[in-house]
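Here is the structure we will look at.
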Amino acid sequence: MIWVLYALGSAVTFALISTLDKVLLQRYIPNSRVFIILVGFVQALLALVVLPLASFTGYGADDTAIAIGSGLATGAYLILLFWAISIQDVSRVVPVASTYPIFVAILAQLFLGEDLGILAWTGICVTVAGVGLMSFGPTARASDMGRGQTMVFALLVAASLLFGLSQIFSKVVADDMDVWTLLMWRMLGAAVVCIALLVRPKVVPEIVRTLKSPSALGLLLLTEGALVLVAMVFTLEAIYNGPVSLASTVMATRPLFVFGLGIALSMGASNVLNEPLEGRILATKLLAIMLMVAGVGAVTLA
């Protein structure tokens, strides 16, 4: 049952990462484009760090392509996720982006021949209800309402689909490729996608200014470097050592930890995240998160 600890470690660590990402975007980095590009460079650096532990034998070119494809999908997911986090409360964004097990189940039925039963479809409906409540429930911010919110909702659903696709790719090659090799290829794929936003040279001065800030650089390396490496090892170890459906269910509790961190870091004089703490809003968020976690659990355990 070691996979349970790995999956729980993944949920907690990724919750902390998402919260610190919001802090970075609010206080240290000028915009989401600069942040995404810098994340891409950190991903490339991490790939070099794990390179000595990777293997280049024992698997075919098709496995390599699938592993890189997992990274490309992850990179696209990160772009959409970071953009959403930059403009909305992290406790509203992460739950919607964490519904990827729903898409894993649907994709498995479409392409792997797996069958979804009544419990799974019930779980999907419950999850959709939770997503709708989270995305369109009460909010204290005018920017979270109307057409803009509909666009954010649609892009977060797309992000969830992309991450679900990356998880399926990872599971496909898990029997032939060890954790560190898969991690290296995934990070390289994600780096390519994120760094591709550098196509607009005008962001270079902003990147340079950010890198000259010891606080910004240190927090970036801690969050997107050390903590991401730990979280990814937890995630892949959970997938490798346990049933992917059960592991995904445990990892889907991430929004609960983000919710708690959002409250803790929006209280007191510092008010780091500045999320609304009105009782009606918090109750709606918690209910939405519980619906999504329950729905994802029903799908993955069906």
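For the single chain, residues carry numbers from 1 onward in sequence order.
In terms of hydrophobic clustering, with Ile, Leu, Val, Met, Phe, Trp and Tyr side chains grouped at heavy-atom distances under 4.5 Å, Val233 and Leu5 are assigned to different clusters. No single ILVMFWY cluster, assembled from side-chain heavy atoms under 4.5 Å apart, contains both Val49 and Met177. Note on Val230 and Ile17: separate hydrophobic clusters, where clusters join Ile, Leu, Val, Met, Phe, Trp and Tyr whose side-chain heavy atoms are under 4.5 Å apart, directly or indirectly. Both Ile29 and Phe41 belong to a single network of hydrophobic side chains, linked directly or stepwise wherever heavy atoms of I, L, V, M, F, W or Y lie under 4.5 Å apart. Both Tyr28 and Leu78 belong to a single network of hydrophobic side chains, linked directly or stepwise wherever heavy atoms of I, L, V, M, F, W or Y lie under 4.5 Å apart.
Distance alone, capped at 3.5 Å, places no donor-acceptor pair between the Ser160 side chain and the Val157 backbone. Under the 3.5 Å distance criterion, the side-chain polar atoms of Thr253 are matched with a main-chain donor or acceptor of Val250. With hydrogens and angles disregarded, a donor-acceptor distance shorter than 3.5 Å links the side chain of Asn31 to the backbone of Val34. The closest donor-acceptor contact from the side chain of Ser266 to the backbone of Ile263 lies at 3.5 Å or more, if one exists at all. Formation of a donor-acceptor pair under 3.5 Å by the Lys22 side chain with backbone atoms of Ile85 is found in this model. Distance alone, capped at 3.5 Å, is enough to place a donor-acceptor pair between the Ser18 side chain and the Phe14 backbone.
No side-chain heavy atom of Ile37 sits under 4.5 Å from any side-chain heavy atom of Cys194. Between Leu38 and Leu211 there is a side-chain heavy-atom pair separated by less than 4.5 Å. Contact check for Leu282 versus Leu286: no side-chain heavy atoms found under the 4.5 Å cut-off. Two residues are said to be in side-chain contact when any heavy atoms from C-beta on lie closer than 4.5 Å; Phe82 and Arg33 fail this criterion. Proximity of Asp21 to Val90: side-chain heavy atoms (C-beta onward) are nowhere separated by under 4.5 Å. Between Ile79 and Val193 there is a side-chain heavy-atom pair separated by less than 4.5 Å. Counting only heavy atoms from C-beta outward, the side chains of Trp185 and Thr64 approach each other to under 4.5 Å. For the pair Arg186 and Met232, the minimum side-chain heavy-atom distance is below 4.5 Å.
Atom-to-atom distance recorded for Thr74:OG1 and Leu81:CG is 11.5 Å, nearest 0.5 angstrom. One finds the NZ atom of Lys285 at 4.5 Å from the CG atom of Asp89 (value rounded to the nearest 0.5 Å). With rounding to the nearest 0.5 angstrom, the OG atom of Ser91 is 7.0 Å from the CZ atom of Phe259. Rounding to the nearest 0.5 Å gives a distance of 11.0 Å between CD1 of Ile87 and CG of Leu25. Between Ser86 atom OG and Ile36 atom CD1 the span is 7.5 Å, to the nearest 0.5 Å. The line from CG of Leu188 to CG of Leu72 is 10.0 Å long, rounded to the nearest 0.5 Å.
Contact between Ala190 and Gln43 at its shortest, heavy atoms only, is CB-OE1, 3.7 Å. When all heavy atoms of Thr13 and Ala231 are compared, the pair lying nearest together is CG2-CB, 3.7 Å. When all heavy atoms are compared, the tightest approach of Ala11 to Met251 is CB-O, 3.8 Å. Between Phe56 and Tyr59 the shortest heavy-atom distance is CA-OH, 3.4 Å. Summarising the geometry of Ala73 relative to Leu162, their closest heavy-atom pair is CB-O, 3.6 Å, with the distance given to 0.1 Å. Scanning all heavy atoms of the two residues, the minimum distance from Leu229 to Leu183 falls at CD1-CD2, 3.8 Å.
Using the six-membered ring where Trp is involved, Phe234 and Tyr6 have ring planes that are tilted, between 30° and 60° apart.
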Candidate pair Thr235 and Gln167, rule side-chain contact (heavy atoms from CB on, under 4.5 Å), full reasoning: CA-CA 10 Å; Thr235 299; Gln167 296 298 80; 4.0 Å; yes
Given side-chain contact (heavy atoms from CB on, under 4.5 Å), test Leu220 with Phe35 step by step and report yes or no. CA-CA 9 Å; Leu220 177 72; Phe35 182 62; 3.7 Å; yes
Quick one: do Ser55 and Thr181 satisfy side chain to side chain donor-acceptor pair (under 3.5 Å)? Show the steps, please. CA-CA 6 Å; Ser55 172; Thr181 303; 5.0 Å; no
Assess whether side chain to side chain donor-acceptor pair (under 3.5 Å) is satisfied between Ser70 and Ser170, documenting all intermediate values. CA-CA 6 Å; Ser70 177; Ser170 294; 3.1 Å; yes
How far apart are the C-alpha atoms of Phe103 and Leu165, what are their side-chain angles, what is the distance that settles it, and do they pass the side-chain contact (heavy atoms from CB on, under 4.5 Å) test? CA-CA 8 Å; Phe103 293 104; Leu165 189 61; over 6 Å; no
Quick one, Leu46 with Val50, criterion side-chain contact (heavy atoms from CB on, under 4.5 Å). Give me CA distance, side-chain angles, the key distance, then yes/no. CA-CA 6 Å; Leu46 289 176; Val50 302; 5.7 Å; no
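Counted by atom type alone, Arg254 and Ser10 present zero donor-acceptor pairs between their side chains at under 3.5 Å. Defined by atom type and a distance below 3.5 Å, a donor-acceptor pair is missing between the side-chain atoms of Thr99 and Thr127.
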